[in-house]
Number of protein chains: 2
Amino acid sequence: MMPLRDALFRPVRAGNAFEETVERLMQAIRLGVVPPGERLPAERELATRLGVSRVTLREAIRSLQDAGIVESRRGRYGGTFVNAELPASLPGRRVEVPELLDALTLRTVLETGAAECAAGRSLGPGERRNLRARLAECSSAELAEYRRKDSRLHLAIAESTGSASLTGAIADVRMRVNELLERIPLLPPNLAHSNDQHELVVTRILDGDAEGARRAMAEHLDGTASLLRGFLS
Amino acid sequence: MMPLRDALFRPVRAGNAFEETVERLMQAIRLGVVPPGERLPAERELATRLGVSRVTLREAIRSLQDAGIVESRRGRYGGTFVNAELPASLPGRRVEVPELLDALTLRTVLETGAAECAAGRSLGPGERRNLRARLAECSSAELAEYRRKDSRLHLAIAESTGSASLTGAIADVRMRVNELLERIPLLPPNLAHSNDQHELVVTRILDGDAEGARRAMAEHLDGTASLLRGFLS
DNA sequence: CTCCAAAGGTATGTCAGCGAGCCATTGGCC
DNA sequence: GGCCAATGGCTCGCTGACATACCTTTGGAG
């Protein structure tokens, strides 16, 4: 049973401002939106965009520095840069099965919906190029960087729905699922299969085949979903 | 263009604790989860569930009292009750078109996905009864209470996916869309048509016809979506 | 009738988070 | 070589939010 009120009277805030800020920055880095070597926006601008004070943002950045994830340089053309070598993430807490199913359900709904929606729009040349570029990056990715490139492709698909809320929701759920995926091994055969599926999804989106894109995405997601259910139950 | 970074470096918090708490309470009331005449959870419990201090929760409740939405009674078996007669909501701010499309896109993805997912599960007798009850309530609703009963039915569908996150996301997006819908008139013919579509969606969910449930929900949502696009563009 | 449990109402001390301003460093431009 | 704009680094006072404790009201149980 999952009473409706539990879903509505859930916590208003996921954590304090500091924690949520760290979470956001990690999201941008782990999902490959700001790749290794690149610079985050300047503190003053980033603080404004995140709706957080510069002091709080700096505390968050500081904790990423301590974790070896970013480095800051002063002076003009300075800034905060994502390290080229990202440290392996620590194993998180134990995950309950209901929590897992919840995340997987939401992911399926959001990502299959996004694929269908993206295919149903008339994409601009920039968007089409973006999709193809992310697909190529993903195919040629090493094992160590695969999850990041994979997420980056999925986010590109989300982005091409034109809905910022949808994109944000997908980013959030991907963070939840990736945290779980990091506990199970990533094997080259899975990776090759995944690339084939990506190709199919992107092709159908570019062809405007909404129903086909949805089905291809559903099949793709089912792969990791059943892997996860197997490993964590 | 909707750069990916805009979707990720969005504000960490939608407002201060007080505002977000008011929003949550309004959500429960406007979406019909706590119907007129019923009692909210006790302050101490509600504050805990919302992850907010009792002082802040009380400020929020106070502002709902001032707006004539709830009333508080002291003593044992007292509490905070939703008023039987809810005041008409004030016309909100002007809405931009991109914001509208964003909300509608997200709604379509979430709700068609939820319908499909609900149909694909084996629902328990309680869930089946719940769906039928909400459907009946909706059919027999007066104009004034239609949006609330309608939302309550859609939330029951969301709930029967078993995913709390999905249910919460649907509640959020419905609040956004309802705010827009309140600016356009609700006519009896629309209402009758809507009821037919509801019936179709629920029937297909109960029959386990996932693809059909999705299509029926998509059609249902298209109705209000095109109405909205017409009125607000 | 009395008591008391459960609910709302109130007060207070503490701390996180904010805004604003200033300092320190750096590298390109003139 | 000197200037200066853009960046990170730092400080201080103010306010919102919180935890905690206590008070007041109410209606049923005994």
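Throughout, a chain's letter reflects where its sequence line sits, starting with A, and its residues are numbered from 1.
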*Got a donor-acceptor contact below 3.5 angstrom from the B/Arg24 side chain to the A/Arg10 backbone?*
yes

*Could you check B/Glu111, B/His154, B/Met217 and say which one makes a side chain to side chain contact (heavy atoms under 4.5 Å, CB included) with B/Val201?*
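Between B/Val201 and the candidates, side chain to side chain contact (heavy atoms under 4.5 Å, CB included) is satisfied uniquely by B/Met217.
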
_Selection residues 33-47 of chain A - residue pairs positive for side-chain hydrogen bond (donor to acceptor under 3.5 Å, both in side chains), sequence neighbours left out_ =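 As it turns out, the side-chain hydrogen bond (donor to acceptor under 3.5 Å, both in side chains) pairs with a partner in residues 33-47 of chain A, which skip direct neighbours, are A/Glu38-B/Arg5, A/Glu43-A/Arg54, A/Glu43-A/Arg58.
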
Value in whole Å for how far the [atom2] atom of [N] lies from [atom1] of [X]:
X       : N      : atom1 : atom2 : answer
B/Arg62 : D/dG16 : CZ    : C1'   : 18 Å
B/Leu57 : C/dA7  : CG    : P     : 14 Å
B/Arg13 : C/dC18 : CZ    : C1'   : 12 Å
A/Leu50 : C/dC18 : CG    : C1'   : 15 Å
A/Arg54 : D/dG9  : CZ    : C1'   : 7 Å
B/Ile61 : C/dG9  : CD1   : P     : 8 Å
B/Glu59 : D/dT15 : CD    : C1'   : 12 Å
A/Arg58 : C/dA24 : CZ    : C1'   : 12 Å

*asked:* Hydrogens and angles aside, do A/Thr105 and B/Arg121 bring a side-chain donor and acceptor to less than 3.5 Å of each other?
replied: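 There is no such pair (donor and acceptor under 3.5 Å, judged by atom type) between the side chains of A/Thr105 and B/Arg121.
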
*Compute whether any side-chain donor of one residue and acceptor of the other, for B/Asn178 and B/Ser151, lie under 3.5 angstrom apart.*
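There is such a pair (donor and acceptor under 3.5 Å, judged by atom type) between the side chains of B/Asn178 and B/Ser151.
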
*asked:* Under a 4.0 Å threshold between the charged nitrogen and the carboxylate oxygen, would B/Arg134 count as salt-bridged to B/Glu137?
replied: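 A salt bridge is present here (some side-chain N lies under 4.0 Å from a carboxylate O).
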
*May I ask you to say whether A/Arg13 pairs ionically with B/Glu20, meaning some side-chain N is under 4.0 Å from a carboxylate O?*
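Salt bridge present between A/Arg13 and B/Glu20.
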
_OP1 or OP2 of C/dA7 under 4.0 Å from side-chain N/O of B/Ser72_ =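 For C/dA7, neither OP1 nor OP2 has a side-chain N or O of B/Ser72 closer than 4.0 Å.
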
*Are any of B/Arg73's side-chain N or O atoms less than 4.0 Å away from OP1 or OP2 of D/dT26?*
no

*Relative to B/Phe81, does B/Arg73 satisfy both conditions: NZ or CZ under 6.0 angstrom from the six-membered ring centre, and within 45 degrees of the ring's axis?*
yes

*Closest nucleotide among C/dG17, D/dT11, D/dA19 to the A/Val55 side chain*: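 So the nucleotide nearest the side chain must be D/dT11.
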
*In residues 74-85 of chain A, which residues come under 4.0 Å of DNA chain D by heavy atom?*
A/Arg74, A/Gly75, A/Arg76, A/Gly79, A/Thr80

_Counting neighbours of CD on B/Glu71 that are heavy atoms of other residues, nucleotides or ligands and sit closer than 6.0 Å, is the number greater than 12?_
no

*Within residues 36-45 of chain B, find the residues that approach DNA chain C with a heavy atom at under 4.0 Å, and present them sorted by residue number.*
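Close to the strand are B/Arg39, B/Ala42, B/Glu43, B/Arg44.
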
